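All figures in this text were calculated on a predicted structure; none of them were measured in a lab. We name chains A, B, ... by the order of the sequence lines, and we start the count at 1 in each one.
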Number of protein chains: 2
Amino acid sequence: MNDRSTSAPLPRGLRQTWGSGTAAGRPGPKAMLSLPGIASSAIALADAEGAEALSLGRIAERLGVTTNALYRYVDSRDDLDVIVHDHALGAPAGIPEGEDWADAAAAWCRALRDRYARHPWLSDMRVRIPFAPHSLAWLEDLLERLEGSGLGDRETLQAAGLLDGYVRTRAGAVRDLLRADAGTPDPGLLIREIGAERFTARVPRVASLMSSGLYRSPQAVADEDFEFGLDRILAGLRQLAGG
Amino acid sequence: MNDRSTSAPLPRGLRQTWGSGTAAGRPGPKAMLSLPGIASSAIALADAEGAEALSLGRIAERLGVTTNALYRYVDSRDDLDVIVHDHALGAPAGIPEGEDWADAAAAWCRALRDRYARHPWLSDMRVRIPFAPHSLAWLEDLLERLEGSGLGDRETLQAAGLLDGYVRTRAGAVRDLLRADAGTPDPGLLIREIGAERFTARVPRVASLMSSGLYRSPQAVADEDFEFGLDRILAGLRQLAGG
DNA sequence: ACCTGAACACCGTTCAAGT
DNA sequence: ACCTGAACACCGTTCAAGT
């Protein structure tokens, strides 16, 4: 059944992260680097200069090594990205339990949001279907929390995807706002350059929200708004589960 | 109040898209290209080869022109991306009205989903805070649909963000799955390489869902699942509005 | 087995011409 | 004003050495 012949073998970096670790005493010179060390270096770089500063060359430079040396640890840039993402995300830990399943799920969402807040550039990384250990551990943790809901397997998975997607979307909004300081045009400038009359004629409601300061303002991505969407989603899920 | 001194001037491509169009008879040679023409060419390229094939060189090649020629129409690659995204998205049109505001919002969500389905690579494009005309027209349309809800301005904007984010997250999931054919490892391979026992020990619920075929299977991103999340969100919003 | 050095194709961006 | 051609710094990736 599972003979998808095109499926590539697991990249070496990802396989290593799963702990099929390097056999202890193998021949040849000692390694100067390690996968966690490479990941930490990349994270420090991204923390300091953002995701767009990430490159094999810059990471290698920090490690005092040639770019090509990294290919002993990683198959490709994509492979590295998966490792860096997972390392920066970290394992789920210390997440409060909550009164009931929905409360527990809410705690999970806030904990994930906090991880993204620690490394805003995580929102800039291309996250494909998660196959890395920490990513799957987070999913596992959420699935466990949803077990008390009485939802079926399919619905539980759907609910998990809904909540997970919500947190990540929100993290992206926060990231956008952090970036808005540099480069991005601000709403006021846009309206001025387009012409207030024309702008108002074409998108009156948007214009009204922009001039009210509500549109994409810092408060529009504040904790309060995070809770708004979370509450709505959980209310919808509760209605389905408890009904 | 609005003196954010770091705000850059509006990129020329974006300004042009807003219809501050080229003044008719200006001096110099006639232009060989046009912004819509450039965007169309880029869209055709992305449709054929995906977002990662998009580059100034490849687009220029299709247009029979040198890479640098594009800089007469666009300030930067980022500027171009905004135009291409907005052009591929298109203006909102032909979206059913719906019985009530929630129904109307649902129709909006399905319409946006369909646009992403037409150009799956849209999910791969870095969409910053939307300032392009079609993007804002979509937002405007949704805000109009939410007017009957009785929610306040702030809540309406929050609800719009919630719905919009949901559709885009879903579109990304669909894109991931379309890509899964090539390159990405499949769940079965992962479990085999990691070792089924170790894998099951670490993430038992995930392992169970994977072996049940539910995890990230085609049906997990089917229309049925789209409706699941949409229904939950709308139920949550209805509860807040109608209560 | 690990790392270096040289090379390749490609990328976005700039600058000085040409017309 | 538009487009070309040459150049720049940078990118990921490969290959053949060296140790």
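Sorted by first and then second residue, the side chain to side chain donor-acceptor pair (under 3.5 Å) pairs involving residues 76-95 of chain B (not counting sequence neighbours) are B:R77-B:D81, B:D86-B:S135. Listed by first then second residue, pairs satisfying salt bridge (Lys or Arg N to Asp or Glu O under 4.0 Å) with a partner in residues 53-71 of chain A read A:E49-A:R58, A:R58-A:E61, not counting sequence neighbours. Listed by first and then second residue, the ring pair (Phe, Tyr, Trp, His ring centres under 6.0 Å) pairs involving residues 33-68 of chain B amount to none (not counting sequence neighbours).
At a non-hydrogen distance threshold of 4.0 Å, B:V65, B:T66, B:N68, B:A69, B:R72, B:Y73 from residues 64-84 of chain B come into contact with DNA chain D. DNA chain D is contacted by A:S55 of residues 33-55 of chain A, taking any non-hydrogen atom closer than 4.0 Å.
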Just to be sure I follow the notation: if a pair is Watson-Crick (purine N1 to pyrimidine N3 plus N6-O4 or O6-N4) or a G-U wobble (N1-O2 and O6-N3), each under 3.5 Å, what dot-bracket string does DNA chain D give, with | for pairs to another strand?
||.|||||...|||||.||

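Partners of B:W121 according to the side-chain hydrogen bond (donor to acceptor under 3.5 Å, both in side chains) rule, which considers only residues two or more places apart in sequence or in another chain, are B:D47. Residues that satisfy the side-chain contact (heavy atoms from CB on, under 4.5 Å) test with A:A137, not counting sequence neighbours, are A:P92. Partners of B:Y73 by ring pair (Phe, Tyr, Trp, His ring centres under 6.0 Å), not counting sequence neighbours: none found. Qualifying salt bridge (charged side-chain N to carboxylate O under 4.0 Å, His left out) partners for A:E52, counting only residues two or more places apart in sequence or in other chains: A:R179. Listed by chain and number, the residues in a salt bridge (charged side-chain N to carboxylate O under 4.0 Å, His left out) with A:D75 are A:R12 (sequence neighbours excluded).
As a whole-Å value, the separation of A:L56 CG from D:dT14 C1' is 13 Å.
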Distance-only criterion, 3.5 Å: show the donor-acceptor pairs between side-chain atoms of residues 65-72 of chain A and protein atoms not counting sequence neighbours.
none

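Although no hydrogens or angles enter the test, the distance criterion places a donor-acceptor pair under 3.5 Å between the side chain of B:E193 and the main chain of A:L10.
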